[in-house]
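So you know, we letter chains A, B, ... as the sequences are listed, proteins then strands, and number each from 1.
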Amino acid sequence: MISKIYTLLYQQYGPQGWWPIQGVYKTKKEYTAQERWEIILGAILTQNAAWKNVEKALQNLPTTDPQVLKNNPQVSTWIRSAGYFNQKTKTINSTIAFFQQYPTLQEAAQDKELRQKLLQVKGIGPETADSILLYALQQPYFVVDTYTKRIFARVGVTKAKVGYEKIQQQIHKKIDTKNFNEFHALLVEHAKRHCTKQNPRCTDCPLNRVCTYAKTHK
DNA sequence: TACCAGGTCCTCG
DNA sequence: CGAGGACATGGT
């Protein structure tokens with residue numbers, strides 16, 4: 001069923017080309033350090049926030065250079081629009097300090113225990129850690145977000161309340177590593193276009209033939 | 001007005 | 001563990 005969801009969404013929406021920063025990354029395979037930091041910052045800023053507000057915050061930053069941002073008192077005002085700006089400022093500082101133990105981000109990516117270590121950083125939970133690993137460092141971890149949980153629960157793949165690692169493992173078993181990036185992006189697009197929290201649009205939903213929720217909510 | 005948006009931490013039972 | 005509250009802005 002998980003593979004079927006991927007196929008149906010890909011047929012409907014086509015390649016998404018994430019991570020979504022003003023279209024810049026859509027054709028790139030290798031990122032510069034500056035671009036990787038922009039992704040890391042975006043991953044932190046988007047915690048329970050609308051992406052539009054995150055973009056605004058990123059545009060307010062004069063740079064994504066961690067040396068400039070670290071412990072910079074202006075950061076909390078620059079990122080204000082993303083919400084929770086006091087917490088996120090601390091998380092940004094902690095994350096910059098964390099990565100400074102590595103010579104480069106590329107070398108951090110070689111650390112086999114990087115995920116576990118990232119989860120020790122206050123403010124970095126499983127979703128943010130996996131967003132950093134997958135999108136900034138190209139490591140094979142699927143990003144489970146609120147959209148993934150909602151769509152899977154409605155379709156009937158998972159129970160309403162299943163843990164993060166559990167649902168991630170199911171996806172890791174069924175989806176090819178090279179498509180983790182694309183699948184997550186497709187789920188986000190689908191959640192916004194059809195599988196909204198309130199009043200989902202099931203009538204013309206590309207998943208309605210395989211969805212438990214759609215069958216009971218016409 | 002109330003609710004939602006690509007979470008995480010802390011506390012309590 | 002799991003539930004519940006705190007953290008904060010901007011759009012509808």
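With Thr216(A) contributing its side chain and Tyr213(A) its backbone, the two residues share a donor-acceptor pair below 3.5 Å.
Distance Asn60(A) CG to dT9(C) C1': 12 Å, rounded to the nearest Å. Between the C1' atom of dC1(C) and the NZ atom of Lys166(A) lies a distance of 15 Å, rounded to the nearest Å. Distance CG (Leu118(A)) to C1' (dG7(B)): 15 Å, rounded to an integer number of Å. At whole-Å resolution of the value, CD in Gln47(A) and C1' in dC7(C) are 11 Å apart. Following rounding to the nearest Å, Lys159(A) (NZ) and dG2(C) (P) show an atom-to-atom distance of 15 Å. Between the P atom of dC10(B) and the NZ atom of Lys90(A) lies a distance of 10 Å, rounded to the nearest Å. Rounding to whole angstrom units, CD1 of residue Ile44(A) and C1' of dA8(C) are separated by 17 Å. Here the P atom of nucleotide dA5(B) and the CG atom of Asn199(A) are 12 Å apart, to the nearest Å.
In this pair, His184(A) and Tyr135(A) present their aromatic rings tilted. The plane angle is within the 30 to 60° band. Ring geometry for Phe142(A) versus Phe180(A): interplanar angle over 60°, hence perpendicular rather than tilted (30 to 60°).
Here the NE2 atom belonging to His190(A) is positioned 5.0 Å from the SG atom belonging to Cys195(A), to the nearest 0.5 angstrom.
In terms of phosphate contacts, Thr128(A) brings a side-chain nitrogen or oxygen within less than 4.0 Å of OP1 or OP2 of dT8(B). Phosphate proximity of dC4(B) to Arg150(A): absent, as no side-chain N or O sits under 4.0 Å from OP1 or OP2. Applying the 4.0 Å criterion to OP1 and OP2 of dG11(C), one finds that Lys56(A) has a side-chain N or O inside that range.
Other residues, nucleotides and ligands contribute more than 12 heavy atoms inside 6.0 Å of the NZ atom of Lys149(A). The number of heavy-atom neighbours closer than 6.0 Å to NZ of Lys117(A), taken from other residues, nucleotides and ligands shown, is above 12. More than 12 heavy-atom neighbours from other residues, nucleotides or ligands sit within 6.0 angstrom of CD on Gln101(A).
In this structure Glu107(A) satisfies the salt bridge (Lys or Arg N to Asp or Glu O under 4.0 Å) test with no other residue, sequence neighbours excluded. In this view, Arg193(A) and Glu189(A) satisfy the salt bridge (Lys or Arg N to Asp or Glu O under 4.0 Å) rule, not counting sequence neighbours.
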Taking N or O atoms only and anything under 3.5 Å, show me the protein contacts with nucleotides 1-3 of chain B, one pair per line.
| residue | atom | partner | partner atom | Å |
| --- | --- | --- | --- | --- |
| dC3(B) | O3' | Gln198(A) | NE2 | 2.9 |

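Side-chain contact annotation: Gln47(A) with Thr128(A), donor-acceptor N/O pair under 3.5 Å present.
Residue order along DNA chain B, read from the 5' end via each residue's closest nucleotide, puts Ala49(A) first among Ala49(A) and Gly123(A). Nearest-nucleotide positions on DNA chain B place Glu127(A) closer to the 5' end than the other of Lys122(A) and Glu127(A).
Ile124(A) comes within contact range of the sugar-phosphate backbone alone, with a heavy-atom separation under 4.0 Å but no base atom that close. Among the atoms of the strands shown, none is found under 4.0 Å from any heavy atom of Val144(A).
Within residues 3-14 of chain A, no residue has a heavy atom under 4.0 Å from DNA chain C. Taken residue by residue, residues 77-89 of chain A places heavy atoms nearer than 4.0 Å to DNA chain C at Arg80(A), Ser81(A), Gly83(A), Tyr84(A), Phe85(A), Asn86(A), Gln87(A).
For the P atoms, the distance from dC10(B) to dA8(C) is 14 Å, rounded to whole Å.
Outside the 6.0 Å centre-distance limit, the rings of Trp51(A) and Trp18(A) are not counted as a close aromatic pair.
Judged as a side-chain hydrogen bond (donor to acceptor under 3.5 Å, both in side chains), the pairs with a partner in residues 71-94 of chain A (not counting sequence neighbours) are, in order, Asn48(A)-Tyr84(A).
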